[in-house]
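Working notes, beginning with the structure itself.
Excluded from the calculations below are hydrogen atoms, water molecules and symmetry mates; all remaining heavy atoms, backbone and side chain alike, are included. We count ligands from 1, going down the list as the structure has it; atoms in each ligand are counted the same way.
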Amino acid sequence: MIRYKKLGYVALNVTDIEKSAQFYEEVVGLQLVERVENGPVFFRCSRDHHNIVLYSGDEPGLRRIGLEVEDPEQLDIAYNYLKEQGLDPIELDVKERRELKQDRTFRIEDPVVGVTYEFYSDITQVAEEFKPTVTNIARLGHVVLNVVEFDEVLKFMTETLNFKQSDRVGERVVFLRCFPNPYHHSFAIGRSNKNSLHHVNFMVTDIDDVGKARNRLNNYETPIVFGPGKHDPSGSIFLYFLDPDEMTLEYSFGMEEFPEEKHRKARLLDNSLPIIDTWGGRPDPKMAKVGKLN
Ligand SMILES: CC(C)c1ccc(C(=O)O)c(O)c1O
Ligand SMILES: [Fe+2]
């Protein structure tokens, strides 16, 4: 089965790439790496060449998800396994790999919703460490998808992609680790009447990052749509806000980690607001409303 190092990057379609590039750099706090003329804009929050990639699109949404597997051997195992599963992995040509600064890379489409998953094991490492600016971003944290065919997507993510369930909230949300990555979730899916991007998360290094973000985002007149609050499932302190296309982003501090072996079992948590925010808050209706899938 596939063994992952981490959720490597998220590629988003944005309607005004200049406005969004400025926002993701100045307001979110990502480091600009590269602008391709009439092409994508690459940002990082690690030594990786990119952890967020913005593309111009007619409609805001998720373009693809980059999954870093443990090593080239695991990449080979993943390719052969996904091919056996009939998912027709497509190898990227040299030109696209050169633009992505990634070695061998291939993509599949999930057969239920059509999300593009990209697999690689080697991405160019930037010489300098990530230099936090407005927020001490520790890493790209997770991606949450709203899906209609919830059970089918869950089956694909667990049985085919080898993601492991960490917890579920009633029959509405399931939190998934990209095994053996230890974080409580790198992915989550929510049962919905529409397939859409719910949010993209950035984990921060200090609780002050959440508190300071609240005031900074207010000063930038960036809509805060939920929090500060505390999530019961992962134990993280959170704050959700909207990007220029009104796609939802989240900062979170702290997250339960699972050992590869002898870890606790997934819990079935009550489907109630206090589980989502133990501090008693409730989300703004604008939260998680914008973001096409694929
Ligand atoms: C409200 C969403 C689905 C949610 C719920 C719980 C956690 C967590 O426990 O970390 C999240 O990160 C969420 O985004
Ligand atoms: Fe989240």
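The ring-ring contact (aromatic ring centres under 6.0 Å, His included) pairs that include a residue from residues 200-224 number zero, where partners must be two or more places apart or lie in different chains.
With Tyr183 as reference, Met203 is the one residue of Met203, His142, Arg177 to meet the side-chain contact (heavy atoms from CB on, under 4.5 Å) rule. Considering Lys286, His199, Met287, Met247 in turn, Lys286 is the only one that fulfils the side-chain contact (heavy atoms from CB on, under 4.5 Å) rule with Leu242.
A salt bridge links Arg264 to Glu256: at least one charged side-chain nitrogen sits closer than 4.0 Å to a carboxylate oxygen. Of the charged side-chain nitrogens involved, at least one lies within less than 4.0 Å of a carboxylate oxygen, so that Arg35 and Glu18 count as a salt-bridged pair.
Checked against the 6.0 Å centroid threshold, Phe43 and His50 do not count as a close aromatic pair.
Atoms of the protein (N, O or S only) found under 2.8 Å from the Fe ion (ligand 2) are His142 NE2, His199 NE2, Glu250 OE1.
With contacts defined as side-chain heavy-atom distances shorter than 4.5 Å, the pair Phe179/Glu260 qualifies.
With values rounded to the nearest 0.5 angstrom, Tyr79 atom OH is found 13.0 Å from Thr105 atom OG1.
Closer than 4.0 angstrom to ligand 1 sit non-hydrogen atoms from His142, Phe175, His185, His199, His231, Pro233, Ser234, Ser236, Tyr240, Glu250, Ile276.
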Please list every donor-acceptor pair under 3.5 Å in which a side-chain atom of residues 64-77 meets a protein atom from a residue at least two apart or in another chain.
unit_1, atom_1, unit_2, atom_2, d
Arg64, NE, Tyr9, OH, 2.6
Arg64, NE, Glu118, OE1, 3.1
Arg64, NH2, Tyr9, OH, 3.3
Arg64, NH2, Tyr55, OH, 2.5
Glu68, OE1, Lys6, NZ, 2.6
Glu68, OE2, Lys5, NZ, 3.4
Glu70, OE1, Arg3, NE, 2.8
Glu70, OE2, Arg3, NE, 3.4
Glu70, OE2, Arg3, NH2, 3.1
Asp71, OD1, Glu73, N, 3.1
Asp71, OD1, Gln74, N, 2.7
Gln74, OE1, Arg3, N, 3.2
Asp76, OD1, Arg104, NH1, 2.9

